[in-house]
Structure formats: C-alpha cells, structure tokens
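Quick notes on the structure that follows.
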Amino acid sequence: MAEDDESSMIGYDPLAWMHEQTGSGSLFPADNQVAVLDDELCSEQSGGADSLCSDNIDDTSLQSNPSTETDCEVELDAGIDELNEESQPMDLDVIENSEQINESSATVGNQVVLESIQSIQNVTVLHQKLQQILDTQEKIDIDASAVTQIDTATLQLLLIVKLSAVKSQKEVNIDFPSQKFIDAANLLGLAEMLSVDQTASGLF
Amino acid sequence: MTAQIIAVLNQKGGVGKTTTTVNLAHALANMDKRVTVVDLDPQSHLGVALGEVSKLQTGIDDVMLGHCDFTQQLIPIRENLNLIVAGPRLQEIEQLSEGGSHRGDLLRKALARGVGNADFVFIDCPPSSGILVANALFAVEELLIPMTSDFLALQGLSHLMGTIKKFETALSRKYRLSIVMSRYIANRRLSKDVLNTLKKYFPEQILATPIRETAALAECPSFGKTIFEYRPGWRSAKDFNDLASDFLARRVM
C-alpha cells in the first residue's frame with residue numbers, strides 16, 4: 001500500500017515497485033545474481049513429483065472447467081495439482097531428467113528467464129520457482145524472448161500464477177515474448193489475460 | 001544544430017497524447033522555435049487535429065520503409081510548424097511480425113538520415129504497446145508522458161515504466177523523462193492524490209503547469225485547429241503557453 005495517509009483516495013499504489021527497486025541500490029539486479037535452479041530445488045522437485053502422484057486433486061479442475069472465468073477462481077496450488085494430473089504419465093521423466101529441468105529457466109532477482117522449450121515436464125519446477133519469488137517479491141518479470149516451444153500446461157501455469165498474484169496485489173509481467181509465445185497465447189485466447197507485453201517482442 | 005527528438009507516449013488511451021503534442025508544438029512554434037510533429041499513430045489523429053485529413057497522403061510510413069527521407073515528407077502546416085502524417089502503411093508496420101530486431105529499428109534509422117532544421121521533433125505515439133512504440137523507444141532519448149490524474153492512469157504508468165526500464169536495460173542508457181499532467185481537474189481530491197503520488201516517484205520530472213480539463217480542448221480537433229486558433233484567449237491556451245515555457249526552461253513541480 002503506497003499511501004500512509006489513510007485519507008488518501010488511492011487504495012493501492014501500482015508504482016510501489018519503483019521505490020522497492022530503487023531501495024535496493026540499483027534499478028536492475030546485477031548480472032552475478034543470475035542463478036540457474038540449484039540442487040535444492042531439484043530435490044524439492046522429487047517431493048513435488050511425489051505429490052503429483054497423490055490422489056488429493058481438487059475437483060475445481062482446469063481441465064474440467066476450461067472457461068477462463070472458472071480459471072480465475074482456481075487457487076494457485078489447486079491449479080497446479082490439476083496441471084500435474086495431466087502430467088502423471090510423465091512423472092518418472094520429471095524425476096529422472098532433473099538436469100533438463102534445471103535448464104528450464106534461470107532467475108535474476110525477481111526476473112525469470114524462460115528457456116527455449118517449455119513443456120509440461122517443467123511445470124512443477126517452474127511453479128515452485130515462481131511461487132518462491134512471489135512469496136518474497138512484489139513482482140515477477142518473466143522474460144519469454146527465448147521461447148521456441150511452449151505447451152498449454154505452461155501457459156496455464158503462467159495464467160494461474162498471474163491471477164494469484166493479482167489477488168495478492170502483486171504483479172507478474174511477461175516480457176519480450178517470442179513470436180512462438182505470442183502465437184501460442186493467441187491460439188489459446190490467453191494473450192489478453194496474460195497481458196503479454198508485445199512492445200519489445202522479438203527485438204532483443 | 002541537432003534537433004531535440006521527443007516521443008510523446010503512454011500506452012493508455014485518452015490521456016492527452018495528441019492534444020499535448022499539437023498544442024505544445026504550436027505553442028513552441030509561436031515562440032519562434034522550429035518544430036516538427038510526427039504522427040506515429042495509424043489512426044492519424046495528429047494530422048486530423050491539425051487539419052490534414054487526406055487518407056492517401058504518405059508520411060512516416062514511407063520514411064520507415066526506406067522509400068523516402070524524413071525531410072521529403074514534411075508538410076508546412078503552420079508557421080514554424082511542420083507535420084509528418086502517419087500514412088496509410090503505418091498499420092502494416094505495426095503488424096510486422098517478421099524481421100527480428102530490424103523491425104524495431106526502422107524509425108531510428110530513418111531519423112538518423114536527418115530531420116531537417118527543426119529545433120524540436122515530437123513523435124506522437126499510438127496508445128498501444130506494439131512495434132511502433134518500440135520503434136519510438138529505440139529512436140529517442142527523451143520521453144514526454146502525458147498523465148491524467150486517475151487511478152487507472154497510474155496503473156498504466158506502472159506498466160509503461162516497466163517497459164521503459166526494460167528498454168533502458170537493453171539499450172544501456174537512461175531516457176530523459178518528463179511528465180505532463182493532462183486533463184487535470186484541480187478541485188478533485190483524487191487528482192491531488194495522484195499528483196502527490198507521481199511527485200513521490202518522479203521528483204523533478206513533472207512539468208510545472210498542469211493542463212486543466214476543458215471542453216475547448218476536446219472540441220478543437222474537430223475543426224482542425226489548435227487551442228491557439230480555436231480559443232486563443234482561453235485558459236487552455238494559457239496553460240499550453242505556460243507548459244511550453246516550462247518545457248523550454250525545464251521548470252518542474
């Protein structure tokens with residue numbers, strides 16, 4: 001909340017992130033903060049994979065409720081459970097191919113850089129990473145410039161994360177989306193809901 | 001002398017980009033500055049607001065496509081004031097999906113070939129976040145952001161600042177940024193709160209004179225006139241004269 005003054009006519013300050021960034025001493029994180037997913041996250045991934053096999057799946061399924069209005073009501077974790085339900089046949093791959101998962105994305109402070117191929121195999125790890133950042137930051141910038149292949153599960157995940165963030169008055173931005181990303185989002189009718197920023201699409 | 005090239009942008013519609021461009025440019029022209037305004041909006045509202053309504057007239061579209069130079073497209077529209085219209089092919093450029101980074105660099109390259117003898121070039125950007133705005137951000141070093149004093153404009157500004165900061169990172173340079181309060185309603189509490197919020201985040205960057213909301217400013221484009229022609233003695237004309245002085249003297253709130 002931006003205004004300390006309770007009589008202010010502005011309830012929520014959308015510019016607050018600018019002071020947060022400035023307060024850290026730099027508007028932009030240093031390059032040396034870049035870190036690919038570490039082993040800890042991979043071990044969490046195993047736990048996450050276990051949970052994929054659980055029967056505890058919420059009935060408010062993305063699959064059974066494909067409309068976007070229904071999607072809005074789905075909480076992040078429940079939504080991920082549903083995504084994982086779709087991914088069950090691939091669970092073993094998810095566990096065994098941890099190196100591949102490691103390379104699904106990289107982080108720079110509150111920025112996440114998506115790697116070229118985004119598939120259902122990466123969804124759990126990506127979810128964990130985004131959730132981790134969202135727990136501690138007011139904003140996530142997802143750089144989608146390198147994406148050459150993306151499936152519906154990943155797009156659903158991004159949508160759910162974005163909607164959950166909105167509820168917490170946080171922000172998820174998708175920046176520099178590649179043409180493939182835009183095409184996929186348009187195909188699923190999610191481009192507007194994802195607020196895909198096309199200003200610099202494919203330019204950097 | 002090198003022209004000062006300024007992009008007037010805000011991806012939110014209705015904040016007064018075109019009104020600011022037209023009237024600030026004319027105010028500066030009246031102060032004997034040589035000014036060129038460029039319509040980078042495929043809707044061609046800038047041209048219409050200055051009385052240039054031909055839909056066939058080529059403009060910045062042909063310049064960006066490399067078919068002609070910037071100076072060849074100048075239309076002397078008022079004393080000291082030149083116009084380059086949008087042109088019928090600007091919409092095609094907005095929809096370009098091929099060409100990689102090249103398609104974002106069309107305007108910068110076009111301007112680099114020369115802009116004539118103008119003191120100021122104002123680029124009126126479309127209310128979108130597409131390839132044309134990217135071209136403007138690649139091409140200029142100075143931004144003028146018209147802002148209305150409502151919450152959604154703040155929300156839009158947050159998004160715009162995110163985009164601007166990403167360009168600053170990618171291009172390794174900072175923009176010189178000014179904000180002009182547009183359509184300002186002085187007796188509304190929300191207006192003051194929005195202005196105070198902006199002052200907090202943009203110290204020394206908000207031009208001193210707010211442009212007050214008036215019916216005359218909304219009416220004059222339909223006559224193809226600036227406020228100085230439509231209602232020269234009215235307060236809006238005074239606001240824009242004062243704003244032009246602020247702009248030249250870098251006088252801020």
Side-chain angles (χ1 to χ4, degrees), chain A residues 1-23 26-31 108-111 138-145 166 169-183 186 191-192 195-204, chain B residues 9 11 94-106 125-126 128-138 147 149-172 174 188-203:
Chain A
M1 209 60 59
E3 300 299 313
D4 296 327
D5 177 9
E6 287 184 3
S7 65
S8 171
M9 303 301 287
I10 302 171
Y12 160 63
D13 181 356
L15 292 167
W17 63 271
M18 291 181 65
H19 268 185
E20 284 156 15
Q21 286 194 326
T22 309
S26 167
L27 285 174
F28 310 108
D31 288 344
V108 186
N110 67 342
Q111 298 182 352
E138 291 300 308
K139 180 180 183 227
I140 305 178
D141 290 332
I142 301 172
D143 182 338
S145 60
V166 168
Q169 296 192 335
K170 294 187 177 185
E171 202 175 317
V172 175
N173 297 322
I174 295 167
D175 303 325
F176 315 132
S178 65
Q179 196 57 46
K180 288 289 182 190
F181 187 105
I182 293 169
D183 291 346
N186 283 333
E192 193 173 340
S195 307
V196 173
D197 181 355
Q198 299 189 20
T199 308
S201 165
L203 299 180
F204 297 116
Chain B
L9 87 167
Q11 87 284 4
E94 176 75 313
Q95 290 165 353
L96 278 177
S97 59
E98 302 296 327
S101 60
H102 172 69
R103 67 204 163 103
D105 211 20
L106 300 173
C125 294
S128 64
S129 302
I131 196 78
L132 292 172
V133 171
N135 266 274
L137 287 168
F138 269 115
M147 266 291 292
S149 46
D150 60 273
F151 174 74
L152 292 179
L154 270 186
Q155 180 77 38
L157 182 63
S158 172
H159 181 250
L160 177 62
M161 290 310 299
T163 301
I164 288 171
K165 289 194 182 304
K166 280 155 202 159
F167 269 80
E168 286 181 333
T169 307
L171 300 175
S172 300
K174 291 271 184 192
R188 186 188 281 173
R189 255 185 69 197
L190 177 61
S191 297
K192 292 172 188 166
D193 285 351
V194 169
L195 181 54
N196 286 334
T197 302
L198 288 173
K199 283 179 184 172
K200 189 169 67 176
Y201 294 106
F202 301 94

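The model shown is predicted, which means the values in this text are computed figures rather than measured ones. Side chains included, hydrogens not; waters and symmetry mates left out as well; all remaining heavy atoms used.
Heavy-atom neighbours of B/R189 CZ from other residues, nucleotides or ligands within 6.0 Å: above the threshold of 12. Other residues, nucleotides and ligands place more than 12 heavy atoms under 6.0 Å from the NZ atom of A/K170.
Only the side chain of B/L198 has a heavy atom closer than 4.5 Å to any heavy atom of chain A.
The distance from the CG atom of A/D13 to the OH atom of B/Y201 is 3.5 Å, given to the nearest 0.5 Å. Atom CD in A/E171 sits 8.0 Å away from atom NE2 in B/H159 (nearest 0.5 Å).
Contact of the B/K166 side chain with the A/N173 side chain is registered, since non-hydrogen atoms from C-beta on lie closer than 4.5 Å.
Scanning all heavy atoms of the two residues, the minimum distance from A/P14 to B/S158 falls at O-OG, 2.9 Å.
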